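Below, chain A is the first sequence line, B the second, and so on; all start at residue 1. None of the values given here were measured: they were computed from a predicted structure.
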Protein chains: 2
Amino acid sequence: MSSAEAGWTEAVEPGVRRTRQRAAVLRTFAACRDFVSAQALHALLTEAGVGVGLSTVYRALRDLERVGCVDVVRDQTGERLYRQRPDGGHRHYLICRCCGRSRAVDTDVVEEWADRLGEQTGFTGVEHTLELSGVCADCGTAAEQGGAPCREVPPSCRST
Amino acid sequence: MSSAEAGWTEAVEPGVRRTRQRAAVLRTFAACRDFVSAQALHALLTEAGVGVGLSTVYRALRDLERVGCVDVVRDQTGERLYRQRPDGGHRHYLICRCCGRSRAVDTDVVEEWADRLGEQTGFTGVEHTLELSGVCADCGTAAEQGGAPCREVPPSCRST
DNA sequence: TTCGTTGCAAAAGGTTTGCATACCA
DNA sequence: TGGTATGCAAACCTTTTGCAACGAA
């Protein structure tokens with residue numbers, strides 16, 4: 001069971017109901033191991049022949065976010081991208097500007113630094129958002145060779 | 001001369017014209033030493049009796065951003081906030097979630113870490129966005145005393 | 001006179017919400 | 001049966017754009 005599903009079935013308040021739509025959203029989201037937007041997730045579901053409304057997708061993602069099962073970033077256009085969070089707390093990702101693939105990076109240095117920040121500044125409840133982007137090795141190589149390296153959707157999401 | 005004005009008058013391509021509206025936007029923005037949204041800046045201008053269109057404000061801020069004279073962050077709602085950049089390259093800020101005031105923080109540790117990230121991952125052109133928020137000492141104290149600490153607009157912006 | 005700039009209104013794009021309907025428990 | 005979830009459409013917000021009029025150089 002993925003952490004997304006675990007979060008949904010366990011950490012959720014009483015009174016929630018299991019429906020065909022939520023299950024489909026969760027399944028598709030779980031199969032998508034990289035960042036996806038709500039719009040893209042909805043497109044994937046539609047493509048797969050699952051009739052789910054866009055607002056339902058938004059609502060499901062919002063609920064997951066509340067439970068703390070997803071990491072959220074904003075892309076350059078301000079669109080929110082969701083990714084299921086690996087067990088063990090929040091992570092930061094290095095996202096390829098070209099193909100959209102992401103990889104979690106070790107941010108212990110930054111975490112420790114951020115923790116100390118409160119003491120130094122007198123601020124309480126310090127939170128941080130860190131977004132990293134670059135061009136991955138594959139895309140960099142492809143670009144050098146004059147190819148068309150950019151994909152719209154991360155590969156991990158296309159096979160749902 | 002503030003860095004914002006310097007950027008505008010010096011670093012700008014030939015062919016740009018000085019107009020009453022741009023001057024007003026720049027002056028008000030320069031007087032605002034903290035993050036402001038385009039909407040808020042427009043409101044300040046209107047309040048001050050300067051008739052400037054909203055699109056003009058957006059265009060002016062976009063130009064400043066191009067020239068590299070401003071730091072931009074997104075607030076929780078996704079709205080873009082602009083702040084004139086102190087001389088010496090990009091900075092990161094710790095913003096009070098309560099009153100909106102921000103202070104630049106020393107991020108050398110993070111900068112160095114981010115620089116090394118490229119080598120470790122094979123990514124090129126690594127860029128980072130770091131947003132920090134917390135509750136400042138003033139607001140924390142006010143909250144303890146049961147006051148109403150939260151202001152809509154940072155103090156530095158209210159006196160324009 | 002030239003052509004960059006302005007301002008209005010409309011468009012665009014993502015996200016949220018209202019409300020009647022569907023359906024889980 | 002009661003009440004939550006859904007889905008559609010409309011509302012919302014911020015930001016961008018089209019275009020005619022304006023005005024700096």
Side-chain angles (χ1 to χ4, degrees), chain A residues 5 8-9 12-29 35-46 48-67 70 72-83 100 131 152-153, chain B residues 8-9 11-29 35-46 48-67 70 72-83 100 131 152-153:
Chain A
E5 284 174 289
W8 180 249
T9 54
V12 124
E13 319 84 85
V16 290
R17 292 179 184 171
R18 301 183 141 283
T19 62
R20 175 184 67 82
Q21 292 90 334
R22 291 255 168 159
V25 172
L26 287 182
R27 197 180 334 113
T28 304
F29 181 59
F35 282 101
V36 252
S37 65
Q39 307 271 353
L41 192 53
H42 178 248
L44 285 170
L45 285 159
T46 304
V50 184
V52 176
L54 183 56
S55 16
T56 299
V57 175
Y58 274 109
R59 284 189 272 239
L61 289 173
R62 187 193 339 113
D63 290 345
L64 281 182
E65 195 181 351
R66 273 193 194 135
V67 178
V70 295
V72 185
V73 300
R74 278 183 193 277
D75 69 7
Q76 293 159 334
T77 72
E79 192 176 15
R80 286 157 63 93
L81 305 178
Y82 304 81
R83 172 175 168 153
E131 293 173 12
E152 282 296 319
V153 180
Chain B
W8 180 249
T9 53
V12 124
E13 320 83 86
V16 290
R17 292 177 184 172
R18 298 183 144 283
T19 63
R20 174 183 68 81
Q21 292 90 335
R22 291 256 168 158
V25 173
L26 287 182
R27 196 180 335 114
T28 304
F29 180 58
F35 282 101
V36 253
S37 66
Q39 305 272 353
L41 192 53
H42 179 248
L44 286 170
L45 286 159
T46 304
V50 184
V52 176
L54 182 56
S55 16
T56 299
V57 175
Y58 274 108
R59 284 189 272 238
L61 289 173
R62 193 204 322 122
D63 290 345
L64 280 181
E65 196 181 350
R66 272 193 195 134
V67 176
V70 295
V72 185
V73 301
R74 279 183 193 277
D75 70 8
Q76 292 161 334
T77 72
E79 192 176 14
R80 286 157 63 92
L81 305 178
Y82 303 81
R83 172 174 167 154
E131 293 173 13
E152 282 296 320
V153 180

Would you indicate what B:Gly51 reaches in the nucleic acid, counting non-hydrogen atoms under 4.0 angstrom: base, sugar-phosphate, or nothing? sugar-phosphate
Select base, sugar-phosphate, or nothing to describe what A:Arg59 touches, counting heavy atoms under 4.0 Å on all strands. base
How close or far is atom [atom2] of [N] from atom [atom1] of [X], stated in whole angstroms?
{"X": "B:Arg18", "N": "D:dC22", "atom1": "CZ", "atom2": "P", "result": "24 Å"}
{"X": "B:His42", "N": "C:dC8", "atom1": "NE2", "atom2": "C1'", "result": "11 Å"}
{"X": "B:Leu61", "N": "C:dT5", "atom1": "CG", "atom2": "P", "result": "15 Å"}
{"X": "A:Asp75", "N": "C:dG14", "atom1": "CG", "atom2": "P", "result": "9 Å"}
{"X": "B:Asp63", "N": "D:dT16", "atom1": "CG", "atom2": "C1'", "result": "13 Å"}
{"X": "B:Gln76", "N": "D:dC13", "atom1": "CD", "atom2": "C1'", "result": "16 Å"}
{"X": "B:Glu79", "N": "C:dG13", "atom1": "CD", "atom2": "P", "result": "20 Å"}
{"X": "B:Tyr58", "N": "D:dG18", "atom1": "OH", "atom2": "C1'", "result": "18 Å"}

Check whether any side-chain nitrogen or oxygen of [X] sits under 4.0 Å from OP1 or OP2 of [N], and answer yes or no.
{"X": "B:Arg20", "N": "D:dC22", "result": "no"}
{"X": "A:Ser55", "N": "C:dT16", "result": "no"}
{"X": "A:Gln39", "N": "C:dG13", "result": "no"}

For the side chain of [X], counting heavy atoms from C-beta on, which of [options] is nearest?
{"X": "B:Thr19", "options": "C:dT15, C:dT5, C:dC24", "value": "C:dT5"}
{"X": "A:Arg17", "options": "D:dG7, D:dT4, C:dT5", "value": "D:dT4"}
{"X": "B:Arg80", "options": "C:dC24, D:dT15, D:dT6", "value": "D:dT15"}
{"X": "A:Thr56", "options": "D:dT6, D:dA5, C:dT5", "value": "D:dT6"}

Please determine if B:Asp63 and B:Arg22 form a salt bridge, counting it only when a charged side-chain N lies under 4.0 Å from a carboxylate O. yes
Would you call B:Arg74 and A:Glu131 a salt bridge, using N to O less than 4.0 angstrom?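 No, B:Arg74 and A:Glu131 are not salt-bridged.
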I want to confirm an ordering. Mapping B:Thr77 and A:Val52 to their closest nucleotides on DNA chain D, which one lands closer to the 5' end?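 Whichever sits nearer the 5' end wins; that is A:Val52.
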Evaluation steps, side-chain hydrogen bond (donor to acceptor under 3.5 Å, both in side chains), between A:Glu79 and A:Ser37: CA-CA 7 Å; A:Glu79 192 176 15; A:Ser37 65; 3.3 Å; yes
Check whether B:Thr28 reaches the backbone of B:Ala24 with its side chain - one donor and one acceptor, N or O, closer than 3.5 Å. yes
Could you go through B:Val70 and B:Phe29, starting from their C-alpha distance and side-chain angles, then the distance that decides it, and tell me whether this counts as side-chain contact (heavy atoms from CB on, under 4.5 Å)? CA-CA 10 Å; B:Val70 295; B:Phe29 180 58; 3.5 Å; yes
